Amino acid sequence: MLDIQVLRSDLDGVAARLATRGFVLDTVRFGELEAARKSIQMRTQELQSKRNSSSKLIGQAKSRGEDTTTIMAEVALVGEELKQVEVQLIELQSELQAMLEGLPNMPHDSVPVGKSETDNIEVRRVGSIPQFGFAVKDHVELGENLGGLDFETAAKISGARFSVLKGGVARLHRALAQFMLDTHTDQHGYTEVYVPYLVNADSMRGTGQLPKFEEDLFRVPRQMGEEGEQNFYLIPTAEVPVTNMVRDEIVPLEQLPLKYVAHTPCFRSEAGSAGRDTRGLIRQHQFEKVELVQMVQPENSYAALELLLGHAETILQKLGLHYRVVRLCTGDIGFSSATTYDIEVWLPAQNTYREISSCSNFEAFQARRLQARFRNAAGKPELLHTLNGSGLAVGRTLVAILENNQLSDGSIAIPEILQPYMGGMKVLSAG
RNA sequence: GGAGAGGUGGCAGAGUGGUCGAAUGUACCUGACUCGAAAUCAGGCGUAGGUAUAUGCCUACCGUGGGUUCGAAUCCCACCCUCUCCGCCA
């Protein structure tokens with residue numbers, strides 16, 4: 001959520017910034033709502049003030065045993081108008097709030113201006129494209145030949161976009177997650193957290209998935225009380241529960257930065273992506289991810305983003321995978337993000353780079369919704385900056401290992417760093 | 001699932017219809033005393049919003065939502081959460 005104070009003081013400036021990401025801010029509508037809000041709010045507070053002082057007088061008069069009929073008649077009139085005006089104020093404020101919640105974050109000045117992913121800027125390539133002396137197979141063929149990947153059974157159990165992993169492939173998947181967690185906790189200073197996979201609507205609102213992107217989520221209806229219904233939502237990323245840990249908190253300065261890592265399943269409805277990436281593990285309703293989340297002081301957030309990006313890159317480097325880092329342009333960054341780097345891993349069977357991590361600085365956008373603050377050096381509460389990044393998407397890392405480490409006979413060379421997690425296994429082969 | 005207790009400021013903890021944004025203690029900040037510290041004394045110390053010459057004035061907030069009332073932390077209703085005991089359970 002953007003700061004309404006900034007909209008009030010520099011509406012055109014905000015509109016111009018949002019325009020770079022293809023968002024049209026209705027400045028006229030906002031101006032009207034604000035003007036109405038201002039006059040109604042002032043009137044409301046004036047009436048409340050009158051009611052409060054009159055009620056006080058009634059109390060005093062009654063305690064002296066005096067007659068209060070005149071003043072009570074007066075305050076009754078105030079009460080009537082107040083009731084009407086309060087209703088109007090609530091309507092106006094919820095309309096303003098809805099408008100505000102619908103506004104995406106403002107891109108940082110450094111973000112390249114562009115319309116779509118074709119305008120993204122490649123920052124660097126690390127490693128080199130592996131060469132094969134044979135025709136490469138894709139991860140589906142490799143996994144199935146190894147007896148470790150079964151989409152048909154998954155379709156029977158659940159449906160499309162699910163998978164069953166077996167044997168060595170399942171273990172490799174687990175090994176990857178363990179390796180990532182260990183690296184981030186032991187070498188990068190993150191605290192491991194285990195968090196709920198079902199969260200409430202407030203949490204989804206806090207990180208920006210609601211109200212705009214409900215169709216991307218799996219909703220779990222839940223009966224509350226007599227007829228009340230309240231939803232749980234399956235998390236689409238650990239960002240949601242982990243970032244919400246600081247919701248409505250004021251963190252002492254000396255505890256910053258907060259650095260958390262969580263390994264969770266992620267659930268996405270993939271509404272609107274029908275027909276895309278239907279083959280293989282690339283786009284699933286359920287997948288595993290190791291997520292890095294940081295809460296930092298505003299002045300440190302861009303330095304923290306570079307570090308966090310480096311933490312994610314470390315995983316790829318240790319696994320010996322070739323990748324590139326891409327700076328997303330204004331037209332391609334996510335709703336809540338001020339700046340995003342994507343890390344794309346090389347997939348030889350597709351002869352292209354595919355996203356395996358996305359690292360973003362949200363500045364105070366999430367923190368404002370969350371009321372996530374810290375006590376600054378002056379002792380005053382101030383909004384935190386929140387950041388997160390995949391470190392990494394486990395399923396896609398598995399895909400990358402299978403494809404990049406395949407041998408001519410269809411077996412898979414296990415990266416040295418993973419071998420301890422695989423009971424010393426060096427090559428994964430069928431049977 | 002059954003029975004009970006409770007949710008108030010950073011923490012503890014009063015407050016059951018009127019001057020209560022809230023006693024008191026504690027923590028913290030400032031000052032006095034002191035060579036310095038401790039102790040003691042005095043003062044200060046919540047969050048958000050509105051207005052704007054304002055160190056000013058006003059509004060809201062006592063788990064959440066609704067209701068009663070001129071007036072609600074206090075009364076009524078619903079819900080959420082926490083704790084204790086019993087039962088069941090991975």
Side-chain angles (χ1 to χ4, degrees), chain A residues 1-9 30-31 33-101 194-206 220-233 241 244-256 364 367-384:
Chain A
M1 194 163 67
L2 296 177
D3 185 356
I4 195 163
Q5 309 282 8
V6 174
L7 273 98
R8 282 175 188 148
S9 61
F30 180 82
L33 283 171
E34 253 300 288
R37 187 227 97 230
K38 190 165 172 168
S39 73
I40 295 290
Q41 180 163 350
M42 285 174 70
R43 182 65 183 151
T44 304
Q45 295 190 350
E46 190 184 325
L47 291 168
Q48 285 172 331
S49 175
K50 204 180 282 183
R51 181 201 57 196
N52 289 346
S53 55
S54 297
S55 294
K56 228 168 240 185
L57 288 176
I58 291 172
Q60 287 168 359
K62 281 200 166 172
S63 70
R64 288 194 300 264
E66 295 170 10
D67 177 64
T68 58
T69 48
T70 330
I71 191 164
M72 283 181 72
E74 255 175 58
V75 81
L77 289 176
V78 170
E80 260 170 56
E81 187 184 348
L82 188 57
K83 223 170 258 178
Q84 293 173 10
V85 124
E86 275 176 339
V87 169
Q88 286 179 46
L89 184 62
I90 287 167
E91 279 173 10
L92 278 168
Q93 280 177 333
S94 61
E95 202 167 333
L96 267 169
Q97 184 67 19
M99 189 170 181
L100 207 54
E101 284 187 357
Y194 169 81
V195 291
Y197 304 154
L198 287 164
V199 302
N200 57 35
D202 282 342
S203 293
M204 285 296 183
R205 204 169 293 113
V220 182
R222 178 193 184 202
Q223 200 63 34
M224 303 295 275
E226 292 289 300
E227 58 204 79
E229 195 176 89
Q230 217 170 299
N231 294 314
F232 274 141
Y233 293 87
N244 271 279
M245 294 199 310
V246 293
R247 172 150 53 92
D248 296 321
E249 297 288 335
I250 299 174
V251 182
L253 186 58
E254 60 272 20
Q255 284 179 20
L256 297 179
R368 189 169 292 109
R369 294 189 178 211
L370 293 162
Q371 281 303 297
R373 295 172 291 177
F374 69 103
R375 205 167 284 284
N376 64 24
K380 288 290 160 198
E382 186 179 334
L383 292 171
L384 287 160

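All chains are named by letter (A, B, ...) in the order of the sequence lines, taking the proteins before the strands, and each is independently numbered beginning at 1. Everything numeric here is computed off the predicted structure, so don't read it as measured data.
- Not counting sequence neighbours, the partners of A:Phe232 by the side chain to side chain contact (heavy atoms under 4.5 Å, CB included) test are A:Leu198, A:Val220, A:Arg222.
- Heavy atoms of A:Glu86 sit nowhere under 4.0 angstrom from any nucleic acid atom.
- Going from atom CG of A:Asp202 over to atom P of B:G65 covers 11 Å, rounded to whole Å.
- Evaluation of the side chain to side chain donor-acceptor pair (under 3.5 Å) rule for A:Glu91 yields no partner, not counting sequence neighbours.
- A:Arg43 comes within 4.0 angstrom of no nucleic acid atom, judged by non-hydrogen atoms across all strands.
- The CG atom of A:Leu96 sits 13 Å away from the C1' atom of B:G49 (whole-angstrom rounding).
- Distance check on atom P: B:G21 versus B:C45 gives 16 Å, rounded to whole Å.
- For the side chain to side chain donor-acceptor pair (under 3.5 Å) test, no residue two or more places apart in sequence or in another chain qualifies with A:Ser9.
- Of the P atoms belonging to B:C83 and B:U19, the separation is 35 Å, rounded to the nearest Å.
- Partners of A:Ser54 by side chain to side chain donor-acceptor pair (under 3.5 Å), not counting sequence neighbours: none found.
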- request: Check the pair A:Glu101, A:Arg205 against side-chain contact (heavy atoms from CB on, under 4.5 Å), reporting the backbone distance first and the verdict last.
  value: CA-CA 9 Å; A:Glu101 284 187 357; A:Arg205 204 169 293 113; 3.7 Å; yes
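- Residue A:Glu249 contributes atom CD, which lies 15 Å from atom P of B:U47 at whole-angstrom precision.
- Here, B:G1 and B:G10 have their P atoms 34 Å apart, quoted to the whole Å.
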Quick one: which protein N/O atoms are closer than 3.5 Å to N/O atoms of nucleotides 68-70 of chain B? Pair and distance per line, please.
from: B:C70; atom 1: O2'; to: A:Ser55; atom 2: OG; distance (Å): 3.2
from: B:C70; atom 1: N4; to: A:Lys62; atom 2: NZ; distance (Å): 3.4

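- A salt bridge links A:Arg37 to A:Glu34: at least one charged side-chain nitrogen sits closer than 4.0 Å to a carboxylate oxygen.
- Considering only residues two or more places apart in sequence or on other chains, A:Thr44 meets the side chain to side chain contact (heavy atoms under 4.5 Å, CB included) condition with A:Ile40, A:Gln48, A:Leu82, A:Val85, A:Glu86, A:Leu89.
- For the pair A:Arg373 and A:Lys50, nearest-nucleotide mapping onto RNA chain B gives the more 5' position to A:Arg373.
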- prompt: What string of B, S and - do you get for nucleotides 7-12 of chain B 5' to 3' if you count protein non-hydrogen atoms under 4.0 Å?
  reply: ------
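- B:G49 atom P lies 10 Å from atom CZ of A:Arg368, rounded to whole Å.
- As a whole-Å value, the separation of A:Ile90 CD1 from B:G49 C1' is 15 Å.
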Atom pairs under 3.5 Å: protein N/O with N/O of nucleotides 51-58 of chain B:
from: B:C58; atom 1: O3'; to: A:Ser49; atom 2: OG; distance (Å): 3.2

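- With sequence neighbours excluded, the residues that form a side chain to side chain contact (heavy atoms under 4.5 Å, CB included) with A:Glu46 are A:Arg43.
- Across B:A72 and B:C81, the matching C1' atoms stand 23 Å from one another, rounded to whole Å.
- Across B:A3 and B:G15, the matching C1' atoms stand 29 Å from one another, rounded to whole Å.
- Across B:G31 and B:C85, the matching P atoms stand 50 Å from one another, rounded to whole Å.
- Taking atom CZ of residue A:Arg247 and atom C1' of nucleotide B:C81, one finds them 13 Å apart after rounding to whole Å.
- Rounding to the nearest 0.5 Å gives a distance of 9.5 Å between CD of A:Glu81 and CG of A:Leu77.
- For A:Arg368, there are no side chain to side chain donor-acceptor pair (under 3.5 Å) partners at least two apart in sequence or on another chain.
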- request: Quick one: do A:Val75 and A:Leu57 satisfy side-chain contact (heavy atoms from CB on, under 4.5 Å)? Show the steps, please.
  value: CA-CA 11 Å; A:Val75 81; A:Leu57 288 176; over 6 Å; no
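- Taking A:Arg375 as the reference, A:Ile250, A:Pro381 meet the side chain to side chain contact (heavy atoms under 4.5 Å, CB included) condition, with sequence neighbours excluded.
- For the pair A:Val199/A:Asn244, no side-chain contact is recorded, criterion being any heavy-atom separation below 4.5 Å from C-beta on.
- Judged by distance alone, the side chains of A:Ser203 and A:Asn200 do bring a donor and an acceptor atom under 3.5 Å apart.
- Between B:C80 and B:U64, the two P atoms lie 15 Å apart (nearest whole Å).
- A distance of about 15 Å separates the C1' atoms of B:G46 and B:C20, rounded to the whole Å.
- Regarding A:Gln371, its CD atom lies at a distance of 20 Å from the P atom of B:A60, rounded to whole Å.
- A heavy-atom distance below 4.5 Å is not found between the side chains of A:Asp3 and A:Leu383.
- What separates CG of A:Leu77 from P of B:G71 is a distance of 13 Å, to the nearest Å.
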field: Secondary-structure notation, RNA chain B, from Watson-Crick and G-U pairs under 3.5 angstrom (| other strand)
entry: ((((((((.[[[..)..(.....]]].(((((.......))))).((((((....)))))).[[[[[..)....]]]]])))))))....
